[in-house]
Protein chains: 2
Amino acid sequence: MFEQYFSNRIKKTPSSFIRDILKVIQKPEIISFAGGLPNPISFPQEELKISMNRIADKYKDKLYQYSTTLGLDSLRDYIVNRYKKLWNMDIDISNVMITTGSQQAIDLIGKVFVNEGDKVLVEKPSYLGILQTFCLYCAQFIPVSLDKDGLNIEELKNTISMHKPKLAYVIPNFQNPTGLTYSKNNRQEVFEVIKNEDIILIQDDPYGELRFTEDERLPYIGMNATEKNIYLGSFSKIITPGMRLGYIIASSEIIRMLETAKQASDLHSNIFSQYLISDYLENNNLDEHIKKIRNLYKNQAQTMVNAMKEAFPEDVKFTVPQGGMFSWVTIQEGKSVLKLFDKAIAKKVAFVPGHPFYVNPIPDKVNTLRLNYTNADANTIKTGIERLAEAMLEV
Amino acid sequence: MFEQYFSNRIKKTPSSFIRDILKVIQKPEIISFAGGLPNPISFPQEELKISMNRIADKYKDKLYQYSTTLGLDSLRDYIVNRYKKLWNMDIDISNVMITTGSQQAIDLIGKVFVNEGDKVLVEKPSYLGILQTFCLYCAQFIPVSLDKDGLNIEELKNTISMHKPKLAYVIPNFQNPTGLTYSKNNRQEVFEVIKNEDIILIQDDPYGELRFTEDERLPYIGMNATEKNIYLGSFSKIITPGMRLGYIIASSEIIRMLETAKQASDLHSNIFSQYLISDYLENNNLDEHIKKIRNLYKNQAQTMVNAMKEAFPEDVKFTVPQGGMFSWVTIQEGKSVLKLFDKAIAKKVAFVPGHPFYVNPIPDKVNTLRLNYTNADANTIKTGIERLAEAMLEV
């Protein structure tokens with residue numbers, strides 16, 4: 001009965017496909033690779049309990065009062081120092097704002113930059129959260145294909161010269177949904193293409209700390225080379241997602257506009273949680289903690305990759321992640337992944353069909369799917385992949 | 001340098017006047033009635049510390065994991081039961097969504113309902129948060145004057161028949177900024193005017209629990225009489241604002257749309273805090289706790305009202321609040337409250353000039369201001385009001 005009242009933007013916006021799927025597959029007998037949940041091992045529960053008691057005694061009513069929109073200074077300082085140490089990034093506290101998770105960062109950027117019809121370059125496939133949120137600001141998406149080593153450079157050049165997008169949104173490390181990582185060379189090429197264009201480049205990096213190798217970290221695209229870079233980070237995959245704490249690093253002029261947008265969105269992020277995470281970081285070794293998560297995910301990823309090599313038909317392809325939480329599977333062209341989904345559910349294994357990661361997908365033509373490996377043990381992973389392989393034979 | 005990139009909506013949106021003022025008046029020698037902070041007595045710190053340790057042991061990793069967009073069931077159940085008990089409201093859990101403070105509730109309603117140019121009826125003066133947030137969705141505001149007993153009914157009738165607004169946003173209890181309360185009779189009259197109109201009525205009620213008298217609570221406008229009612233509530237003024245937890249009560253069809261908007265905004269609200277507040281509510285007597293806050297605020301309000309009666313020139317008017325956190329002062333017509341602000345700061349007392357609470361105010365014509373009394377003791381209130389009275393003589 002409310003159809004007439006709802007805004008055009010919300011009527012165009014799909015509800016989250018994944019959250020809808022998750023509701024269907026809650027049955028305990030189903031092995032689910034559909035989620036994107038960090039393993040509980042990544043939550044330092046004992047240390048957080050010590051921290052919450054310490055801050056309760058130390059900061060008292062400050063933990064419970066209204067606070068500043070930009071976020072807790074000590075937490076912003078920590079971020080400044082970490083990015084200086086890791087990347088030699090030339091930033092100070094005026095370049096950092098705390099957000100209610102990275103999802104809010106995306107929403108605020110939409111509020112601050114996107115006029116109806118503005119063109120936004122995204123990866124193909126892309127994170128569904130950006131597609132859903134920017135849809136609310138009536139963005140026009142311009143997808144560029146992802147190859148094994150990163151963005152397809154020819155397509156990037158052509159797309160930019162044809163469409164002149166205002167924003168570009170990429171996840172260079174262990175991308176969601178594909179698990180792909182841009183090579184050092186690809187990052188350099190991408191930078192060469194965009195450096196003289198009028199494009200704000202948003203680099204979302206929720207998984208960057210979850211590398212499986214001890215190699216040097218790969219640099220961001222065009223780091224420090226341009227004021228038009230916006231970096232998104234998050235504590236969700238390395239400490240806790242339940243606390244909803246992420247952050248934006250950008251020029252202070254952009255941060256000031258984002259601050260106004262955040263005032264209008266939720267005044268400020270939960271201040272108790274900001275004190276808690278700040279105290280945890282001050283009193284614990286984050287890198288040691290991250291090492292535990294990386295080792296676990298590395299083993300789980302390896303198990304899944306080995307199981308897929310063994311069980312999947314030869315013409316089914318999948319990505320071999322260098323980090324993060326996902327692998328991306330491409331079944332035979334012409335086969336429908338929605339049909340596979342039904343067969344898989346019948347065999348008690350679930351995944352996310354590729355659809356929500358594309359701009360305007362043609363339902364029957366999609367032959368890709370996302371698998372998550374961070375929340376299942378080795379035996380469960382093997383059994384689940386075997387079931388999925390059996391389902392593939394029936395499509 | 002980013003002017004060309006910023007969206008039209010953000011360029012039109014003022015940053016929060018109050019937050020900008022607060023930055024100016026942080027000096028310790030200034031007595032500030034400018035804030036809107038609850039008194040720390042309203043934070044049950046000891047009980048919350050007990051609760052956080054209890055939930056850490058009881059719910060373990062659930063406290064730190066991703067969670068559902070609509071919010072924690074036990075907290076939504078609590079809200080259902082409280083509104084059933086207090087108001088005999090005919091609702092169930094499908095009518096309730098947890099939000100990241102009431103400010104987010106306003107943002108989500110803007111996302112879901114407001115097309116560019118849509119007309120929104122607001123009180124004159126109104127809560128600045130709605131003016132700022134709905135400005136981002138390019139709403140057209142239609143103000144209706146607030147009288148001593150509530151909305152001016154003649155103006156309401158004329159305004160509605162002339163403009164046919166899609167939404168109306170009101171704060172019937174201890175309104176921000178005026179401290180005014182709609183009388184029972186006014187509520188009934190407002191309902192008679194709007195009941196046959198195509199208007200979604202949003203009743204924001206952050207202060208409703210903070211009544212100074214033991215009388216019967218005043219009913220909402222047209223409660224249960226229409227599906228077009230949306231109620232906003234918050235734990236900010238009765239437990240803690242730092243945790244950023246509010247809620248929306250609405251028809252389940254509206255809640256479903258708000259759920260999509262919330263997915264795109266922050267996925268879900270901080271789940272640790274939801275467990276914490278839920279556990280606190282389960283194990284403590286909220287009404288006893290609220291009684292303490294009400295008694296304190298009642299005394300503070302009385303002190304301020306008495307001091308104003310004594311010290312202010314006779315032709316300066318002010319509201320006598322029946323609850324909540326604010327009084328609203330009207331100085332002589334023709335005098336500028338901005339000039340008064342400068343004189344007051346020189347005398348080391350601060351307030352919020354009326355400007356941010358109006359739609360398109362003419363700066364020199366505004367002769368109103370907001371005073372907050374919840375965060376100062378009796379002597380400070382008396383001294384501050386005396387200083388303000390002296391400043392009034394100089395304008």
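Each chain gets a letter, A, B and so on, in the order the sequences are listed, and its residues count up from 1. Keep in mind that the numbers below use all heavy atoms, side chains included, and drop hydrogens, waters and symmetry copies.
Put simply, the side chain of A:F2 reaches to within 4.5 Å of the side chain of B:I200, judged on heavy atoms. Taking 4.5 Å as the limit, some side-chain heavy atom of A:T260 sits within range of a side-chain heavy atom of B:Q132.
When atom types are taken as modelled, the side chain of B:N270 and the backbone of A:S273 share no donor-acceptor pair closer than 3.5 angstrom. Under a 3.5 Å cut-off, the side chain of B:S7 and the backbone N or O of A:V114 do not form any donor-acceptor pair. The main-chain N or O of A:A264 is found under 3.5 Å from a side-chain atom of B:Q103 such that the two form a donor-acceptor pair. Under a 3.5 Å cut-off, the side chain of B:N115 and the backbone N or O of A:N8 do form a donor-acceptor pair.
When each of A:Q4, A:K166, A:K11 is scored by its heavy-atom pairs under 4.5 Å with chain B, the top score falls to A:K166. Between chain B and the options A:F43, A:Y137, A:F134, A:Y64, the largest number of non-hydrogen pairs under 4.5 Å is found for A:Y64. Taking chain A as the reference chain and counting heavy-atom pairs below 4.5 Å, the highest number among B:V112, B:I271, B:T240, B:I239 is found for B:V112. The candidate with the highest count of non-hydrogen atom pairs below 4.5 Å against chain B, out of A:G110, A:A261, A:P38, A:S42, is A:P38. For chain B, the option among A:Q65, A:E253, A:E116, A:M257 with the highest count of heavy-atom pairs below 4.5 Å is A:Q65. The residue among A:R256, A:Q274, A:M52 with the most heavy atom pairs within less than 4.5 Å of chain B is A:M52. Heavy-atom pairs under 4.5 Å with chain A were tallied for B:S269, B:P40, B:A105; the largest tally goes to B:P40. Interface remark: of the candidates B:L63, B:D61, B:L136, B:D61 forms the most heavy-atom pairs closer than 4.5 Å to chain A.
Interface remark: A:D118 contributes no atoms to any contact with chain B (heavy atom separation under 4.5 Å). Of the two parts of A:E46, neither the backbone nor the side chain holds a non-hydrogen atom closer than 4.5 Å to a non-hydrogen atom of chain B. Heavy atoms of B:K62 lying under 4.5 Å from chain A are absent altogether. Contacts of A:I254 with chain B are made by both backbone and side-chain atoms, with heavy-atom separations under 4.5 Å. In this structure, the portions of A:L37 lying under 4.5 Å from any heavy atom of chain B include both its backbone and its side chain.
From B:Q104, atom CD reaches atom OG1 of A:T100 across 7.5 Å, with rounding to the nearest 0.5 Å. Atom OG of A:S265 is separated from atom CD1 of B:I106 by 11.5 Å, given to the nearest 0.5 angstrom. Taken to the nearest 0.5 Å, the CD1 atom of B:I10 stands 9.5 Å off from the CZ atom of A:F113. Note that the CZ atom of B:R244 and the CZ atom of A:R244 stand 15.5 Å from one another [nearest 0.5 Å].
Aromatic ring orientation, A:F272 versus B:F272: parallel (interplanar angle below 30°, classes split at 30° and 60°).
A salt bridge links A:K111 and B:D107; the closest N-O separation between the charged side-chain nitrogens and carboxylate oxygens is under 4.0 Å.
Scanning all heavy atoms of the two residues, the minimum distance from A:A56 to B:K49 falls at CB-CD, 3.8 Å.
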